[in-house]
2 protein chains.
Amino acid sequence: MDRTTDAVGPRGKRADAQRNIAAILDAALECLVRNPDANIAEIARRAGVGRVTLYGHFSSREDLIDQLFARTLDRADRALEAVDLTGDPRAALSRLVASSWQIVDQFRHLLDAAQRSLPPARIRAAHEGPMRRIAGLIERGRAEGVFRTDLPATWMVALVHTVVHAAADEIAEGRLAEPDAARVIDATLQAAYAPPAG
Amino acid sequence: MDRTTDAVGPRGKRADAQRNIAAILDAALECLVRNPDANIAEIARRAGVGRVTLYGHFSSREDLIDQLFARTLDRADRALEAVDLTGDPRAALSRLVASSWQIVDQFRHLLDAAQRSLPPARIRAAHEGPMRRIAGLIERGRAEGVFRTDLPATWMVALVHTVVHAAADEIAEGRLAEPDAARVIDATLQAAYAPPAG
DNA sequence: GGTAAATTGAACATGCGTGTACGACTTACC
DNA sequence: GGTAAGTCGTACACGCATGTTCAATTTACC
């Protein structure tokens, strides 16, 4: 309502403070994706600020993770929102995978950290949004007869997360080239989703 | 060579000591599967022994996890070994899934804990055995033309772990009934492995 | 039944991560 | 250019898990 209600810009914080807050969140994301147990000192160091400064902006480790979680979720949601899910569900699935598998994976790593310090209810609520979008696509594909109906829809939703995660792991292990990831993920999901022959 | 070289029975340990060692390993497995960060006190309590006793048999947390890891791996390997992998690779895959998905999942949970305290080389070496068996089946299926060859074989191997893990998670979340698991896993893998239509 | 092995709990040392208090310093902003 | 807001490092308190020591007690085994 005032002037700059960015949903990010805290009331009347000074410019350097806002910059530091962003740097801390960025650093936290990098650190926690690499190691879910990364400590506050490490995050502060990577953000280029003192540990005390970090605590000046985030009351506790839990608070930091919670806010980072919210920010990342928001971004992921926005990225998924940008994907056109109309038309042939199979093509829509391909588009969804191509444009968001990295985000989904990044989110999943952060989830690891979140599960260690956030209440389960918070986690569950966070899934809600993105899940619904994928679930909708799958339901439509089933209704139109291009996706199989002999497996639970919830299972097919879970499969997306899983396959993306596996691909990311394979890349990390050096067994899969990053440019191939989207193709492999898509081919696997399309095959798994197709109605059984006969 | 002596008399009872069970590969389990340490030299001349007293009967109660051997019993306790087994109880500790069992307790560790249960605790670590539920929570990869379970502490020694908790494991000792569940095993029904004092913490000091535990340290009497295992020099450190790392040592305990390492030995548990070895034992579990050995069991998993033995269970997989019992499966008949000859004949139609598709049927062999079904048998493999049906008779060992629980074990694979249990192993995977333990892996979580192991990754926190064991050197990566140890983990890698552990995978070797079971992996080879699955990889062999997949290679044969590809050679016989019943499995697809347009995706990396390593990816198809990874998919087994992944899909089993996902199913276990779905069960834990209450979205999948345990008796349905084998069917769902099998249907998913068969679809993902089948050569693309054309 | 005697002996050595094994178990026990309590107490202690240590290391690590979190979160706080303080005083001095620097920076943004009017 | 003044002032409040922000930052910094050090130091400290606290909780928690690991691993060790010790003396007393129980247990297996010949």
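In this text the structure is predicted, and so the values were computed from the model without any measurement. In what follows, every chain begins at residue 1, and chains take the letters A, B, ... in the order their sequences are listed.
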Worksheet item: Rounded to the Å, how far apart are B:Arg19 CZ and D:dA28 C1'?
Response: 9 Å
Worksheet item: So does B:Arg132 have more than 12 non-hydrogen atoms from other groups sitting under 6.0 Å from CZ?
Response: no
Worksheet item: For B:Leu85 and B:Arg140, which heavy atoms make the closest approach, and how far apart are they?
Response: O-NH2, 2.6 Å
Practice prompt. Using the heavy-atom set of chain B and a strict 4.0 Å cut-off, write down the first and last nucleotide of DNA chain C that makes it in, 5' to 3'.
Written response: C:dA4 to C:dA10
Protein-nucleotides 5-9 of chain D N/O pairs closer than 3.5 Å?
residue : atom : partner : partner atom : Å
D:dA5   : N3   : A:Arg14 : NH1          : 2.5
D:dT7   : OP1  : A:Asn20 : ND2          : 2.4
D:dT7   : OP2  : A:His57 : NE2          : 2.9
D:dC8   : OP2  : A:Gly50 : N            : 2.9
D:dC8   : OP2  : A:Thr53 : OG1          : 2.5

Worksheet item: Quick one: A:Arg61 CZ to D:dC16 P, roughly how many Å, whole number?
Response: 16 Å
Would you give me the side-chain donor-acceptor pairs under 3.5 Å for residues 33-53 of chain B, sequence neighbours excluded?
residue : atom : partner  : partner atom : Å
B:Asn35 : OD1  : B:Asp37  : N            : 3.0
B:Asp37 : OD1  : B:Arg116 : NE           : 3.1
B:Arg46 : NH1  : B:Glu30  : OE1          : 2.3

Worksheet item: Does B:Ala15 or B:Ala41 map to a spot on DNA chain D nearer the 5' end, using the closest nucleotide for each?
Response: B:Ala41
Discussion item. Quick check for you: to the nearest 0.5 Å, what is the distance between A:Ile171 atom CD1 and A:Leu176 atom CG?
Written reply: 5.0 Å
Discussion item. I need the CG-C1' distance between B:Asp37 and D:dC16, as an integer number of Å.
Written reply: 13 Å
Fill in: Nearest heavy atoms of B:Leu64 and B:Phe58, plus distance in Å
CA-CD2, 3.8 Å
Practice prompt. May I have the distance from B:Asn39 (atom CG) to D:dG19 (atom P), rounded to whole angstrom?
Written response: 12 Å
Fill in: Side chains of B:Gln190 and B:Ser94, donor plus acceptor under 3.5 Å
yes
Worksheet item: Taking atom C1' of D:dC12 as reference, at what distance in whole Å does atom OH of A:Tyr55 sit?
Response: 14 Å
Discussion item. Rounding to an integer number of Å, can you tell me how far B:Leu54 CG sits from D:dT20 P?
Written reply: 12 Å
Worksheet, complete the sentence: Heavy-atom nearest pair, B:Asp105 first then B:His165, reads OD1-CD2, 4.1 Å
Discussion item. Would you call the rings of B:His127 and B:Phe107 parallel, tilted or perpendicular, taking 30° and 60° as the class edges?
Written reply: perpendicular
